[in-house]
Amino acid sequence: MTTAPPEDQRRLLDVQALDTRAAQIVHARRTLPALARITELAVRLADVDSSRIASRTALSDLRRELAKSDGDVGQVRSRVARDQARLDSGTGTPKDLQAITSELTALARRQSELEDVELEVMERLEAHETALAELDAAAAVIEAQKAEAEAERDAALATLDAENATLATERAKVADGLDPGLVALYDKLRAQLGGLGAAALRGRRCDGCRLELNPMHVQVIRQSAPDLVVRCEECDRILVRLPEPAKG
Ligand SMILES: [Zn+2]
């Protein structure tokens, strides 16, 4: 049997209210809407980033391909220039000149083919550069939205932290000097019963489990010594009797 002064029992309800608010703050910290938004944006950013990596890889492959293509075209062009110079110099036998002329025809065809390849690579390169620029822009937008959500989260946390500090001070004041046995029982029940260790009896109803209690049980409670700490038969919480409203 635990006993405690009735005013301590009633003061325990104020402590409980502060503890409940503190628990709500813990819950609010974990479930800030900004947190879900930050997670969602981080996932989107990771998607865009992997696309950017793929795009940059494709671009560097294409730049290499273009360099090779440039080299191929350059080789053919210098070969053409050399042949043309020999042809222009007029030296060599007619047979030589004949051979050079037919080589120049083959080289012209080859050059045209290589230039087509080069052009096609350049077009692909441009398309990829455009795509990468679009991905970069999309990433910048998501990053800005994420920074905004993070600022929103930080502001909300600061507000909750400030309220929490006020609550802690208030709780220390309200709990100061409370009957130690009552506090020990309250702490034990609060740990076992989801943070709610003490509740008021309102009429026949327990404020903890919200159930209407058996009238016999209520009568026994009402008739118990005021300093007896009574418990709800349904939820086991400390049931605090409030002063009876004056009857008119
Ligand atoms: Zn109850």
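Scope of the values below: all heavy atoms of this structure, side chains included, with no hydrogens, waters or symmetry mates. The model shown is predicted, which means the values in this text are computed figures rather than measured ones. We count ligands from 1, going down the list as the structure has it; atoms in each ligand are counted the same way.
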Got a list of side-chain donor-acceptor pairs under 3.5 Å for residues 102-110, not counting sequence neighbours?
| from | atom 1 | to | atom 2 | distance (Å) |
| --- | --- | --- | --- | --- |
| Ser102 | OG | Ala99 | O | 3.1 |
| Glu103 | OE2 | Arg79 | NH2 | 2.7 |
| Thr105 | OG1 | Thr101 | O | 3.1 |

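- With no hydrogens or angles considered, a side-chain donor-acceptor pair links Gln16 and Thr20 at under 3.5 Å.
- Listed by first and then second residue, the side-chain hydrogen bond (donor to acceptor under 3.5 Å, both in side chains) pairs involving residues 169-182 are Asp19-Arg171 (not counting sequence neighbours).
- Counting only N and O atoms by type, the side chains of Arg222 and Gln219 include no donor and acceptor under 3.5 Å apart.
- Around the Zn ion (ligand 1), the protein contributes the following N, O or S atoms at distances under 2.8 Å: Cys206 SG, Cys209 SG, Cys232 SG, Cys235 SG.
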Please report, to 0.1 Å, the donor-acceptor pairs under 3.5 Å made by any side chain of residues 201-218, with sequence neighbours excluded.
| from | atom 1 | to | atom 2 | distance (Å) |
| --- | --- | --- | --- | --- |
| Arg202 | NE | Asp207 | OD2 | 2.7 |
| Arg202 | NH2 | Asp207 | OD2 | 3.4 |
| Arg204 | NE | Leu213 | O | 3.0 |
| Arg204 | NH2 | Leu213 | O | 3.1 |
| Asn214 | OD1 | Met216 | N | 2.7 |
| His217 | NE2 | Glu233 | N | 3.3 |

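- The hydrophobic cluster containing Met122 does not contain Leu114, counting ILVMFWY residues as joined when their side-chain heavy atoms lie under 4.5 angstrom apart, directly or transitively.
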